[in-house]
Novice: 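First the structure, then my questions, so here it is.
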Amino acid sequence: MTKYLAIIFIALLSAALWINYKTSVPWVYTEIYAPQSVHAYNNPEQLLNNIHVRFVYFVPKNKTPVDGGTWRELADSELRKLIAFHELQFHELSNITYEIYPSAVIGLEDNIYYDTAFTNDGNPEALKNISNEIAMRMSTDGDLSLIKPKEGAYNVTYILYEGVGASAGGNVALISRKFLTMPEYELVSSSLFAHEFYHTLGLADDYQKQTDISTSEDIMGLGRFRDINRVFIDPLKLKQFGL
Amino acid sequence: MHILKSLGKYLFGYGSRLRNKLTLLFILVAVVPILFLSTFSLYLINVSHKYDISALELQTLGQEREEIGKFFSDTLGILELQVVYDKKAEIEKTQAAFLLDNILKANPSFLEVSFINLNGREILKLEKNTTSTATSTLLFDVSKLPRYTVPLGGQEYISETYETLSGPMVTLASPVYNSKGEVIEIISADVLLTKVALSIKNTLIGSTGSTILLDQSGRVISSGGQNILKPGDDLSNRQRIKELLAGRELNALSLDDTYMGYSVKEAVVGAGVRVPKVNWMLLAEWPLSDANATLNDVRYQAFLFTFLCILAVLLMAPIFSHQITAPVEELEMTTKEVEKGNFGVGVKIRTDDELEGLGNAFNHMVGGLKKLEELRNELIYIVTHELRSPVTAIRGYLSLITEGMGGEVSKEMKDLMVPLSESSDHLVQLINDLLEVARSEAGRLEIRMEAVSLPEVIHGSAEELHSLASQKRITVQYDERGVEGIKVAADPMRVKQVIVNLISNAIKYGKVKGFIRIRHEVTADMVTTYITDDGLGMSAEDQKHLFEKFYRSSKVGKIIGTGLGLFITKELVEKMGGTITCVSKEGEGTTFGVGLRRG
């Protein structure tokens, strides 16, 4: 009898303690979700946690470079704005560092060699010719071998061109200095600068080449002609970056 | 002291079984309701608290929802334009500029407003805080953009929210109607959501609870809390956001509403609602550490109270059970005394209830038994006294016949006379013993105390029993060292009776060729005489009943005895102010010790 009473008592006490524990320590729902991984547009293999921009001011042989302080300040200012914009859009999950080659890089050829006869659509020929020359000169025995790619980062070469055009392909972007200095582009220059940069991360233009009609409001469309402070990257595109 | 003793008994398990049962029963009867009520009240407090949290969170979200609704009423409302003329023509440029300028001034959230013609071309655009004419001249074809295509169909357009360096923004667009209700132009505006975002960021629930505002695709517009979430963060893959996107309202009442927070790194209880018109989502997250702070205090107090109640029950239960079992125990003890023939005892139960009545009845019963015992003793005394003379005469005459005083007795006759003589002896012994007992119990036993020399008594007794010991070839050894010149206070006849009885028992139950050793132990007050044999010995159970009347061990077999010898011995020793002890081991022998005061 005593034994049974003791067992009942212990059982009741345990039950009460269990209920009290359950009421005082709430059950917490824990969900499992995939962590974000920032990568190139539609390319999960190419991570973008660290992006390194090697900035070069390229002047064809037959052109005169602007004052060294001017273009470096310009480059520094645009790169800083780009970083601020990028950090916001990429939620600080992708980090941009940059290195500005200290002096103007004088081309081996005249501008006509780089530009060819066709300079429409952002002068893609200049991009191709200049990027080839720079790649060659950046190689180990070239005169630009000091600009080395950063280990573990996605390396982008950004060319400020003392000529015409704004274009990008692969991990090289090119923009004419005029877009950054002419008064009519004053408020949108940074957006144009960023627009070309985002081509190197895999984004395509969002406007019709023939009519120049934009098909989106973001930086790859109409946004390239807006103040960088009011521009954005379309959330659907951010999704393709893993965000 | 009584309480401590009772508690000690309970705690260390020395209590009676009844007391243990009653104690556990008390505990069970008292503690179960306490535990049940405590648990139930905690459950009710929890439920009530949960509903309070839910109400507070939903109320907060309701206010935020209202604020957002008002924000869009204010912004979209401004864009609702209808001109007074009925022709389907664009608004005159000066008037359009005036309108855009007023719109920009009307609401600080507007950053840019523009008119778009029916071909999808921006025809006039004004931006806030811009003196430059550079961008105002940049008018674009927006015919492929939804801020044109949607209002063209007569609907208002609210874009997805997007993050800019100026803050979260949204593009609104609305058709402009003429007096006939025809769309003549589109008005579009870029609207800063900083006001809404700040309101969300600054909203507090309790001390640390926060809210999160998400757009229709599950991206964060603004969030309070610990700055874990950043504007633009995509939460659409999170369970709660999925549920909100699926149209379910989260009321902070279900099990899943307690989860690891998105805006804080701890467990939260959360509610969520949709914001109509824009299809945004509002989520409230209140860390449990804050939300349950008061509840934890209440719970702690409830636990403390319950614990104290249980403790009180645990302490009081043994005392209460003792109150009930103590009289029962007293009755039990007294009954055992009565069983031993001690009718002078009684119980003192003062409980003013049935137990006291039982105690009184018991005392009356013992009184009645005492009277009966006295009557019985008197009867035995008279009967044995009256029997003694004829039985003694019978024995005498039998002896004379056996000795041939009445003529020659044949051998056959002699053989027949032996058991008759033995039975007669036994009968005489029995009557003598009974008479002795009756005398003792009737208080008629006379003791004449004087200084007695124990060696003399022992020598005399040994002499008397010599022939008996010789029959079994038992050696009697007497060590009288230590008692030379020492006397004890006793009745010489009675002390001899005691010693004879003990030695004769030792012979009777001793081994053939065994021994009996007699020695003394002298202290300042007492002289103890030890009589040791190597006989049968006794079990522990036998020793318990050794001095009881008519008790005979089952192991003595056919050895003749009345079962009164040791009872009488004890009575005599105690009447002489002495003590008698016994130490025995079955099969090894027995030692009796008779202690008498020095005389």
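Within every chain, numbering begins at 1; the chains are lettered A, B, ... in the order of the sequence lines, protein sequences first and strands thereafter.
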Novice: Hey, does the side chain of His49(B) reach the backbone of Ala291(B) with a donor-acceptor pair shorter than 3.5 angstrom?
Specialist: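 A pair under 3.5 Å: yes.
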
Novice: Can you see which heavy atom on Ser216(A) is nearest to which on Asp206(A), and at what distance?
Specialist: OG-OD2, 3.1 Å

Novice: Please classify the contact of Tyr262(B) with chain A as side chain, backbone, both or neither, using a heavy-atom distance under 4.5 Å.
Specialist: side chain

Novice: Taking side chain as everything from C-beta outward and backbone as N, CA, C, O, which of these in Glu31(A) sits under 4.5 Å from a heavy atom of chain B? Side chain, backbone, both or neither.
Specialist: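 Interface part for Glu31(A): side chain.
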
Novice: Among Asp233(B), Asn237(B), Leu192(B), which residue has the highest count of heavy-atom pairs closer than 4.5 Å to chain A?
Specialist: Asp233(B)

Novice: Return the option, out of Arg238(B), Arg147(B), Glu160(B), with the maximum number of heavy-atom pairs under 4.5 Å with chain A.
Specialist: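 So the answer, after comparing Arg238(B), Arg147(B), Glu160(B), is Arg238(B).
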
Novice: Could you tell me which portion of Ser217(B) (side chain, backbone, both or neither) has an atom closer than 4.5 angstrom to a non-hydrogen atom of chain A?
Specialist: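 For Ser217(B), there is no contact with chain A at all, as no heavy atom is under 4.5 Å.
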
Novice: For the interface with chain A, which of Glu163(B), Arg219(B), Met169(B) has the highest count of heavy-atom pairs at distances below 4.5 Å?
Specialist: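 With the most close heavy-atom pairs to chain A, the winner is Arg219(B).
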
Novice: Salt-bridge test for Asp257(B) and Arg240(B): reply yes if a basic N is under 4.0 Å from a carboxylate O, no otherwise.
Specialist: yes

Novice: With chain A as the partner, which of Thr258(B), Val142(B), Asp190(B) has the greatest number of non-hydrogen pairs under 4.5 Å?
Specialist: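 Sorted descending by pairs with chain A, the first entry is Thr258(B).
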
Novice: Would you name the heavy atoms of Tyr185(A) and Phe179(A) that are closest together and state the gap between them?
Specialist: CB-O, 3.3 Å

Novice: Looking at chain A, which one of Ser236(B), Pro146(B), Ser143(B), Pro231(B) has the largest number of heavy-atom pairs inside 4.5 Å, strictly under?
Specialist: Pro231(B)

Novice: Is Gln208(A) close to chain B through its backbone or its side chain, or both, or neither, when contacts mean heavy atoms under 4.5 Å?
Specialist: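 Answer is side chain: those atoms of Gln208(A) sit under 4.5 Å from chain B.
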
Novice: Whether Asp227(A) and Lys128(B) form a salt bridge (side-chain N of Lys/Arg under 4.0 Å from carboxylate O of Asp/Glu) is what I want to check.
Specialist: no

Novice: Of the backbone (N, CA, C, O) and the side chain (C-beta and beyond), which part of Leu93(A) lies under 4.5 Å from a heavy atom of chain B, both, or neither?
Specialist: neither

Novice: Measuring centre to centre across the rings, with the benzene-like ring taken for any Trp, is Phe193(A) within less than 6.0 Å of Tyr158(A)?
Specialist: yes

Novice: Salt bridge between Arg80(A) and Asp76(A), side-chain N to carboxylate O under 4.0 Å?
Specialist: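 Yes.
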
Novice: If you measure from the Lys or Arg side-chain nitrogens to the Asp or Glu carboxylate oxygens, is any gap between Glu127(B) and Arg230(A) under 4.0 Å?
Specialist: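 So Glu127(B) pairs with Arg230(A) through a salt bridge.
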
Novice: Quick check on Leu255(B) against chain A: is it the side chain, the backbone, both or neither that has a heavy atom closer than 4.5 Å?
Specialist: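 Contact with chain A is through both the backbone and side chain of Leu255(B).
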
